[in-house]
Amino acid sequence: MKVDDVQYRRAKTWQIICYACNAFVGMSVYSLIGMASYSASIGYGITLQPLASSDAARILDAFTDRCCIRLRPRQHPFGKLRVLLISGYLIEAVGLLCMFNLCSSKGFGLPVFVLTYIIYIIGYTVSNMTIQTLPAIMTNDPRQRPTMVSGPLR
């Protein structure tokens, strides 16, 4: 679309709808991770202090944010961000599957729970940094930008 000699990039309606579905996926994962303390106490036999686990997660998140930004490809046959979004969701799914199902109630303790939580944090970081950059890449039309909702936040 061209307005006042400026060429705008516009997203199609189905692309905006698919982008909005990211919020649903993010909230689904967020509700699962809200039950991580139950999984830790019942499945792993450990007690988590909410303040300590939250501070550790923030420190880890600050570290993984800096590392994962280097993963962003400049060009890829499947698109710049599509690969990162799908791989981030898959890493999150593996971390949550291990945390709640595969490793739970098997006699593992704190190290395995922390490892599965770190896997989840890495997947969350990769997918969330991709989701937050999608609106700027999809459209630069000032009339269409307000229709793009923000992705899941922590």
Side-chain angles (χ1 to χ4, degrees), residues 11-12 14-140 144-154:
K12 295 175 181 66
W14 67 268
Q15 292 173 325
I16 295 172
I17 292 170
C18 287
Y19 173 75
C21 289
N22 284 318
F24 173 71
V25 172
M27 289 311 296
S28 300
V29 169
Y30 187 72
S31 66
L32 273 176
I33 209 62
M35 293 183 268
S37 62
Y38 297 118
S39 176
S41 65
I42 295 170
Y44 296 92
I46 56 177
T47 305
L48 296 178
Q49 284 187 331
L51 182 62
S53 63
S54 144
D55 289 343
R58 289 181 192 275
I59 291 169
L60 177 65
D61 196 35
F63 177 73
T64 56
D65 284 348
R66 304 307 182 265
C67 293
C68 287
I69 197 68
R70 307 245 187 262
L71 293 176
R72 182 164 296 158
R74 297 293 174 226
Q75 203 55 272
H76 197 276
F78 299 113
K80 291 180 182 178
L81 300 177
R82 201 172 289 143
V83 173
L84 282 177
L85 186 64
I86 292 170
S87 63
Y89 282 151
L90 288 175
I91 294 169
E92 268 183 316
V94 166
L96 290 172
L97 181 68
C98 289
M99 183 186 299
F100 288 105
N101 192 10
L102 299 179
C103 299
S104 182
S105 300
K106 305 280 192 284
F108 300 123
L110 183 65
V112 173
F113 180 79
V114 169
L115 179 66
T116 59
Y117 192 74
I118 288 173
I119 292 170
Y120 160 74
I121 290 290
I122 291 170
Y124 177 83
T125 301
V126 171
S127 63
N128 199 33
M129 83 171 178
T130 307
I131 290 168
Q132 297 300 324
T133 57
L134 276 176
I137 291 174
M138 288 175 69
T139 181
N140 64 351
Q144 195 177 34
R145 287 295 285 274
T147 63
M148 304 293 290
V149 295
S150 64
L153 298 175
R154 189 174 290 178

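Values below: every heavy atom of this structure, side chains too, minus hydrogens, waters and symmetry copies.
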* To do: Please name the pair of heavy atoms, one in Leu60 and one in Ile118, separated by the smallest distance, quoted to 0.1 Å.
  => CD2-CG1, 3.6 Å
* Which heavy atom of Ile16 sits nearest a heavy atom of Ala11, and at what distance? -> CG1-CB, 4.0 Å
* Please tell me if the side chains of Leu134 and Asn22 come closer than 4.5 Å, counting only heavy atoms from C-beta onward. => yes
* Separation of Ile86 CD1 from Leu90 CG (nearest 0.5 Å) -> 7.5 Å
* Between Thr130 and Leu84, what is the shortest heavy-atom contact and its length? -> OG1-CB, 3.5 Å
* Which heavy atom in Ser127 sits nearest to a heavy atom in Leu85, and how many Å separate them? -> O-CD1, 3.9 Å
* Which heavy atom in Tyr19 sits nearest to a heavy atom in Pro135, and how many Å separate them? -> OH-CG, 3.3 Å
* Answer whether the closest heavy-atom distance between the side chains of Thr133 and Met129 falls below 4.5 Å. => no
* Asked: Roughly how far apart are Thr139 OG1 and Lys12 NZ, rounded to 0.5 Å?
  -> 11.0 Å
* Asked: What is the ring orientation for Tyr120 with Tyr117, classed by angle as parallel under 30°, tilted 30 to 60°, or perpendicular over 60°?
  -> tilted
* Asked: Does some side-chain heavy atom of Val126 sit less than 4.5 Å from a side-chain heavy atom of Tyr89?
  -> no
* Met99 vs Ile33 side-chain heavy atoms within contact, under 4.5 Å -> yes
* Flag, side chain of Asp65 to backbone of Ala62, donor-acceptor distance under 3.5 Å -> no
* Asked: Got Leu96 and Tyr124 here, is their nearest side-chain heavy-atom distance under 4.5 Å?
  -> no
